[in-house]
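All remarks here apply to the structure that follows.
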Amino acid sequence: MTNSHRPVPTPPRPTDPGRELRRSVATVCLSGTLGDKLAAAAAAGFDGIELFENDLVVSAWSPAEVRARCADLGLTVELYQPFRDFEAVPADLLRANLTRAEHKFDVLADLGADTLLVCSSVAPAAVDDDALAAEQLRLLADRAAARGIRIAYEALAWGRHVSTWDHAWRIVDRADHPALGICLDSFHVLSREVDPAGIAGIPPGKIFFLQLADAPHLRMDVLQWSRHHRLFPGQGAFDLAGFVRLVLSAGYAGPLSLEVFNDVFRQSDPARTAVDAMRSLVHLEDGLHQAERPDLRFRRLPAAPGLTGYAFTEFAVDGRSGPVLQDVLRGLGFTHTGQHRSKPVQLWEQGDCRVVLNSAVTRPQASGTAAISAFALTTADPHRGVDRAGALHAPVLPRRRGPAEAELAAVAAPDGTSVFLAEPDDGWRADFLPTGNEVAGEAGLVGTDHLGLTQPFDHFDEAGLFYRSVLGLRRLGTEEYAAPFGLMRSRGFTDPDRTVRLALTVAVLRRGDWAPSVADPQHVAFGTDDIFGTAAALDRLGADTLKISDNYYADLVARFGLDEETVARLRRYGILYDRDPGGGELLHLYTPVYGGRIFFEVLQRRAGYDGFGDANAPVRMAAHRHQRLAET
Ligand SMILES: O=C(O)c1ccc(O)c(O)c1
Ligand SMILES: [Mg+2]
């Protein structure tokens, strides 16, 4: 049994390298039974766990066996929780609650755990009386201290009388017992209006535990928000790093413990969720180093790769979809410029746009289909990028090697797409022998503007964190729109210099069998400086562009007050239009879908337009549906 009161950190000697913060995950974050959860937490490198009572109650293992299993796996039971509805009750109920607590102290003793989380009461029996709450918590802490146990009091955001961190702190302060402290949970703090700044003023040693969860901004009942929509740090809208810095300012040196209630994570492979969880903590810790805590050593990541653009996008094709895409690329003004030295792989180019058609990728794909199997980004230091990815527990792929083939550093994104990092000197081009083909006719495409990647429902938030942390991308906006086959969510990402953009999309609900594959596409968007010139060139080259309904253009006139002549030009070429509040404009057109799920977009951004034309996505999806029906 450990000491009841952990000592306040003593000021280190100047040469002391400091110690690292422990990393912990609550069992509620992970799917399965306790064995699955512990194995996953240990494999992902966590130091400890928060044990949820339910996970113990349904387990075949006794608390002593759980302790032994954890010890075998190198995990500490950092905290046992939750103990509910304890404080501010009438005397008879208090007696019963203290008896209930003694049972839990026995459990903690067998677990080898020294901290019990008590969350603020939601019981109708509780009264609104801080003095009474403090007095009863003091009594509980006294009993706990006799067993070498500490009580960490947490304000649930929906607590009956205590629902904010500062209220919980006032009660703990008033109780003034060394075995009573507070548990801060970023969700409960940041979901409420009370300013968290005062947390920095909590006396050293009085924050007993720190739980971390992110969440999207949602206007809904806070209990539902908490129980279904929490996310790992970096996946939501809360400023977790700022929050943790406040807690560190108060002298906290305990574990960083993830406590995420999330409907998807509850039913996903726990090994994978645990890696996602660990990635979030590693990334979060990297943002903490400015904290003035000489007693602590914060682990740093290699700096994010400074991205300078897209080198190429690779499509996995087969004997049927390959020739189809070759025709499409030719129609878009691309030239087949290179043939791979050792593999059935072609390079197609126009301006700074490069597409690789690869017939040698073995991915489980239906015959005749095509998919984006990889994309390559340029950076001055690919190896640093891969080191960073490895430190973030991203799967680093074996370098593709062959005779006279450039090494390309690669990592696998959550949906299986390979992300290559290439030096800007085009060294990877040495893999390709020039075809000597004449440039037949270009369409003025200047470079790759963005990729649109539809994500599997279960991995949308994981993918966002992957791209943010591994590539150092920033989040642009998140849009939701009603599309013909369901609600869609689209989230944009870009590097600080806007040289690389990604749009990740997902159907907001898991789909049944109705929504056809037209709702699940991937695309590459190429930029042009003159959309009308490009559209005319595509016409001459015989490119097939998507037909857009007249109703759309009628609505455009109403929405934006565009003049008739402009609208007539847009309609003639099937060009869609969007305008942002700052006057930025997007003009864009699409091809049909090929190989089951691939289409191309051609766009021109004007006056700083920074979005992805999401308002037009339902129009595009309906047009793709019409195309599909016409084909069958
Ligand atoms: O949803 C709950 O009841 C609950 C329980 C324990 C916690 O630490 C918490 O943050 C929420
Ligand atoms: Mg909590």
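One-based numbering, in listed order, for ligands and for the atoms of each. Computed from a predicted structure; not experimentally measured.
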>> Please determine whether side chain to side chain contact (heavy atoms under 4.5 Å, CB included) holds for the pair Val127 and Leu132, giving the CA-CA distance in whole Å, both sets of side-chain angles, and the decisive distance to 0.1 Å.
In response: CA-CA 8 Å; Val127 294; Leu132 187 64; 3.6 Å; yes
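Closest of all the heavy-atom pairs between Glu50 and Ser257 is OE2-OG, 2.6 Å. Of all heavy-atom pairs spanning Ala304 and Gly472, the tightest one is CB-CA, 3.8 Å.
Checked against the 6.0 Å centroid threshold, Tyr153 and Trp169 do not count as a close aromatic pair. The distance between the ring centers of Phe261 and Phe187 does not fall below 6.0 angstrom.
Ion pair Arg170/Asp166 flagged as a salt bridge, since at least one NZ, NE, NH1 or NH2 atom sits closer than 4.0 Å to an Asp/Glu carboxylate oxygen. Comment: Arg489 does not engage Glu479 in a salt bridge, judged by the lack of any side-chain N to carboxylate O separation of less than 4.0 angstrom.
Judged purely by distance below 3.5 Å, without hydrogens or angles, the side chains of Arg192 and Thr164 never pair a donor atom with an acceptor atom. Side-chain atoms of Gln455 and His459 form no donor-acceptor pair, as typed in the model, at a separation below 3.5 Å.
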Show me the short polar-atom pairs for ligand 1: any N or O of it lying under 3.5 Å from a protein N or O, with distances only.
unit_1	atom_1	unit_2	atom_2	d
ligand 1	1 (O)	Arg227	NE	2.6
ligand 1	1 (O)	Arg227	NH2	3.3
ligand 1	3 (O)	Arg84	NH1	2.8
ligand 1	3 (O)	Arg84	NH2	3.0
ligand 1	3 (O)	Arg227	NH2	2.8
ligand 1	8 (O)	Gln81	OE1	3.2
ligand 1	8 (O)	Glu154	OE1	2.7
ligand 1	8 (O)	Glu154	OE2	3.1
ligand 1	8 (O)	Gln211	OE1	3.3
ligand 1	8 (O)	Glu259	OE1	3.3
ligand 1	8 (O)	Glu259	OE2	2.6
ligand 1	10 (O)	Glu154	OE2	3.2
ligand 1	10 (O)	Asp185	OD2	2.8
ligand 1	10 (O)	His188	NE2	2.7
ligand 1	10 (O)	Arg230	NH2	3.1
ligand 1	10 (O)	Glu259	OE1	2.9

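Within the protein, the number of N/O/S atoms found under 2.8 Å from the Mg ion (ligand 2) is 4.
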